[in-house]
Trainee: 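One structure is given below, represented as structure tokens, and several questions about it will come after.
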Amino acid sequence: MKYSRILGTGSHLPARVMTNADLEAIVDTTSAWIRERTGIEKRHLVSEGETCCDLAEVAARRALDAAGVQASELDLILIATTTPDRFFPSTACLLQQRLGVRGCPAFDLQAVCAGFVYAMDVADRFIRTGAAQRALVVGSETISRILDWTDRTTCVLFGDGAGAVVLGSADEPGIVSSHLHADGAYKDLLQVPGGIGNGRPEAAFIEMKGNEVFRVAVTTLGRIVDETLQANGLSRSDVDWLIPHQANIRIIQATARKLDLPMERVVVTVDAHGNTSSASIPLAFDQAVRDGRIRRGEMLLMEAFGGGFTWGSVLIRY
Ligand code: COA
């Protein structure tokens with residue numbers, strides 16, 4: 001029996017920072033409203049010409065360094081993204097070329113904010129079946145490119161960034177279990193309505209019914225916690241760290257309460273990064289690994305919820 005083990009992590013944030021005070025000059029909002037309703041203080045944004053692949057490459061190289069793995073040893077490259085550089089080739093193919101690798105499968109996966117947990121599940125299946133020994137899994141986003149900067153209900157919430165992990169085949173977990181779900185009945189609550197369906201793509205921006213998304217997110221994430229623990233015969237006290245998708249501090253706090261975890265055991269980056277969609281979990285994970293909070297042997301629960309709706313969890317013995 002083979003399992004996937006985390007060999008290394010990496011992340012990258014673009015240099016440009018936009019604070020809540022900066023947003024006050026752009027839309028009718030206040031720093032206090034943003035902080036109190038979301039927990040966000042600032043976010044990083046790409047500059048002119050900076051792309052999803054640029055962010056992914058730096059995060060990927062850092063993860064490969066941390067893992068002690070050469071790019072040439074990879075036999076799978078997977079990028080979760082909603083904001084790819086091009087319609088095609090996939091950003092994963094662009095990254096493969098930058099890393100100087102040829103031949104291994106490389107593809108993008110689009111599950112919006114749940115993209116990283118979806119991608120971890122897929123990579124884990126490659127490794128468990130022996131189809132891959134070393135997999136690079138990246139979440140990378142330039143969400144700022146699909147924001148309507150005149151819409152205060154969305155533009156204050158998001159940021160750009162990338163995170164990556166290198167997974168390797170091992171005799172023990174590693175990834176203990178993963179649980180994925182989707183329900184397209186909610187397609188209109190959180191969406192970018194533009195696309196190629198009606199001909200040439202027009203400018204396309206995020207639209208969200210925030211209040212309704214919030215309510216469904218809290219109950220759904222509560223259920224995914226129960227499902228993950230029950231599937232493994234675990235109790236809440238078995239989880240050492242919660243590494244949640246970072247959309248809103250109030251959603252994160254609700255999931256932490258569900259787990260009976262103090263906030264000191266929850267990795268929070270939403271204050272400094274905003275919602276970076278599929279990049280938020282690997283960014284938070286890398287930060288807590290590098291600052292020494294998360295240690296080998298600990299039990300980690302990742303969970304995410306996003307447009308679709310899509311949602312899921314990954315339970316990891318680190
Ligand atoms: N600054 C100031 N006021 C704002 C504002 C802003 N940036 N955005 C909205 N408001 C106003 C609204 O217009 C509304 O005013 P009204 O009462 O006069 O109509 C008021 O604040 C309350 O809006 P509401 O949408 O009910 O606020 P909320 O407490 O639900 O917070 C969100 C809004 C978006 C922060 C919250 O709903 C949320 O986080 N939703 C989920 C987001 C999410 O998780 N999305 C991604 C999933 S991956």
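Remember, predicted model here, so these are calculated numbers, not experimental data. Order of appearance sets the numbers: ligands from 1, and atoms from 1 within every ligand.
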Trainee: Would a search of protein heavy atoms around atom 8 (N) of ligand 1 find one under 4.0 Å away?
Mentor: yes
Trainee: Show which atoms of ligand 1 fall inside a sub-4.0 Å distance from at least one heavy-atom site of Cys113.
Mentor: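 Every atom of ligand 1 under 4.0 Å from some heavy atom of Cys113: 48 (S).
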Trainee: Does CZ in Arg290 sit with more than 12 non-hydrogen atoms of other residues, nucleotides or ligands closer than 6.0 Å?
Mentor: yes
Trainee: Report the nearest protein non-hydrogen atom to atom 40 (N) of ligand 1: residue, atom name, distance rounded to 0.1 Å.
Mentor: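 It is Gly210 O, 3.0 Å.
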Trainee: Counting each atom of ligand 1 from 1 as listed, which ones have a heavy atom of His245 under 4.0 Å away?
Mentor: 48 (S)
Trainee: For atom 29 (O) of ligand 1, what is the closest protein heavy atom, and at what distance to 0.1 Å?
Mentor: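 Of every protein heavy atom, Arg37 NH2, 2.7 Å lies nearest to atom 29 (O) of ligand 1.
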Trainee: Would you say atom 18 (O) of ligand 1 touches the protein, meaning some protein heavy atom is under 4.0 Å from it?
Mentor: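 Protein heavy atoms within 4.0 Å of atom 18 (O) of ligand 1 - there are none.
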Trainee: Answer yes if Val289 and Ile243 sit in the same cluster of Ile, Leu, Val, Met, Phe, Trp and Tyr residues linked by side chain heavy atoms under 4.5 Å apart, and no otherwise.
Mentor: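 They do share one cluster, since a chain of ILVMFWY contacts under 4.5 Å joins Val289 to Ile243.
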Trainee: Flag Asn211 as yes when one of its N or O atoms lies below 3.5 Å from any N or O atom of ligand 1, and as no otherwise.
Mentor: yes
Trainee: Could you tell me the residue and atom name of the protein heavy atom closest to atom 34 (C) of ligand 1, and the distance to it rounded to 0.1 Å?
Mentor: Leu157 CD1, 3.9 Å
Trainee: Starting from atom 47 (C) of ligand 1, which protein heavy atom do you reach first, and at what distance in Å?
Mentor: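 Checking every protein heavy atom, the shortest distance to atom 47 (C) of ligand 1 gives Leu190 CD2, 3.8 Å.
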Trainee: Check the side chains of Thr82 and Glu141 for a donor-acceptor pair under 3.5 angstrom, ignoring hydrogens and angles.
Mentor: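 Per modelled atom types, Glu141 and Thr82 side chains form a pair under 3.5 Å.
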Trainee: Just jot down the ligand 1 atoms closer than 4.0 angstrom to any heavy atom of Ala247, in number order.
Mentor: 44 (O)
Trainee: Specify the protein heavy atom at minimum distance from atom 31 (O) of ligand 1: its residue, its atom name, and the distance to 0.1 Å.
Mentor: Arg250 NH2, 3.6 Å
Trainee: How far is atom 27 (O) of ligand 1 from the closest protein heavy atom, and which atom is that?
Mentor: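 Nearest neighbour among protein heavy atoms for atom 27 (O) of ligand 1, to 0.1 Å: Trp33 CZ2, 4.0 Å.
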Trainee: Could you say whether the N/O atoms of Thr38 and ligand 1 ever approach to under 3.5 Å?
Mentor: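 Thr38 vs ligand 1: no N/O contact under 3.5 Å.
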Trainee: Using heavy-atom distances, let me know which of Asp151, Asn248, Val213 sits nearest atom 38 (C) of ligand 1.
Mentor: Asn248
Trainee: Examine the proximity of ligand 1 to Val156 and report which part, side chain or backbone, both or neither, has a heavy atom under 4.0 Å away.
Mentor: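 Just the side chain.
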Trainee: Hey, is Ile251 one of the residues with a heavy atom under 4.0 angstrom from ligand 1?
Mentor: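 Ile251 counts as a contact of ligand 1 under the 4.0 Å cut-off.
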Trainee: Take atom OH of Tyr186 as the centre, draw a 6.0 Å sphere, and report whether it contains more than 12 heavy atoms from other residues, nucleotides or ligands.
Mentor: no
Trainee: Taking the side chain as everything from C-beta on, heavy atoms only, tell me whether Phe116 gets closer than 4.5 Å to Met302.
Mentor: yes
Trainee: Is ligand 1 under 4.0 Å from a heavy atom in the side chain of Phe214, in the backbone, in both, or in neither?
Mentor: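 The part of Phe214 near ligand 1 is both the backbone and the side chain.
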Trainee: Looking just at side-chain N and O atoms, do Asp160 and Thr142 make a donor-acceptor pair shorter than 3.5 Å?
Mentor: no
Trainee: Does any N or O atom in Ile34 lie less than 3.5 angstrom from one in ligand 1, N or O only?
Mentor: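 In this structure, Ile34 places no N or O atom under 3.5 Å from an N or O of ligand 1.
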Trainee: Tell me: protein heavy atom nearest atom 13 (O) of ligand 1, and distance?
Mentor: Arg152 NH2, 3.0 Å
Trainee: Can we say Arg98 and Asp54 salt-bridge, meaning some charged N sits less than 4.0 Å from an Asp/Glu carboxylate O?
Mentor: yes
Trainee: For ligand 1, which atoms have a heavy atom of Thr153 less than 4.0 angstrom away?
Mentor: 8 (N), 9 (C)
Trainee: Taking distance alone, with N or O pairs closer than 3.5 Å, would you say Asn275 contacts ligand 1?
Mentor: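 Looking only at distances, the answer is no, because the N/O contact criterion of under 3.5 Å is not met.
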Trainee: Hydrophobic clusters here meaning ILVMFWY residues chained together by side-chain heavy-atom distances under 4.5 Å, can you tell me if Phe285 and Leu78 are in one?
Mentor: yes
Trainee: Give me the nearest non-hydrogen protein atom to atom 45 (N) of ligand 1 as residue plus atom name, then the distance to 0.1 Å.
Mentor: Met208 SD, 3.3 Å
Trainee: Under 4.0 Å and counting heavy atoms only, is there anything from the protein next to atom 1 (N) of ligand 1?
Mentor: yes
Trainee: Using a 6.0 Å cut-off, check whether atom CZ of Arg16 has over 12 heavy atoms from anything other than its own residue.
Mentor: yes
Trainee: Assigning hydrophobic clusters by single linkage (Ile, Leu, Val, Met, Phe, Trp, Tyr; side-chain heavy-atom cutoff under 4.5 Å), is Leu99 placed with Leu76?
Mentor: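 In one cluster with Leu99: Leu76, no.
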Trainee: Take atom CZ in Arg125; do more than 12 heavy atoms of anything else shown fall under 6.0 Å from it?
Mentor: no
Trainee: Have a look at ligand 1 and work out which part of Val27, if any, has a heavy atom under 4.0 Å from it: side chain, backbone, both or neither.
Mentor: neither
Trainee: Is there side-chain contact between Arg236 and Val225, with heavy atoms separated by less than 4.5 Å?
Mentor: no
Trainee: For residues Thr276 and Gln246, determine if any side-chain heavy atom of one lies less than 4.5 Å from a side-chain heavy atom of the other.
Mentor: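 In short, these two side chains do not touch, never coming nearer than 4.5 Å.
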Trainee: Does the side chain of Tyr318 reach to within under 4.5 Å of the side chain of Ile294, using non-hydrogen atoms?
Mentor: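 Yes. Closest side-chain heavy atoms under 4.5 Å.
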Trainee: For the residue pair Ser278 and Gly115, what are the closest heavy atoms and their distance?
Mentor: CB-CA, 4.2 Å
Trainee: Please tell me if atom 22 (C) of ligand 1 is touched by the protein, where touching means a protein heavy-atom distance below 4.0 Å.
Mentor: no
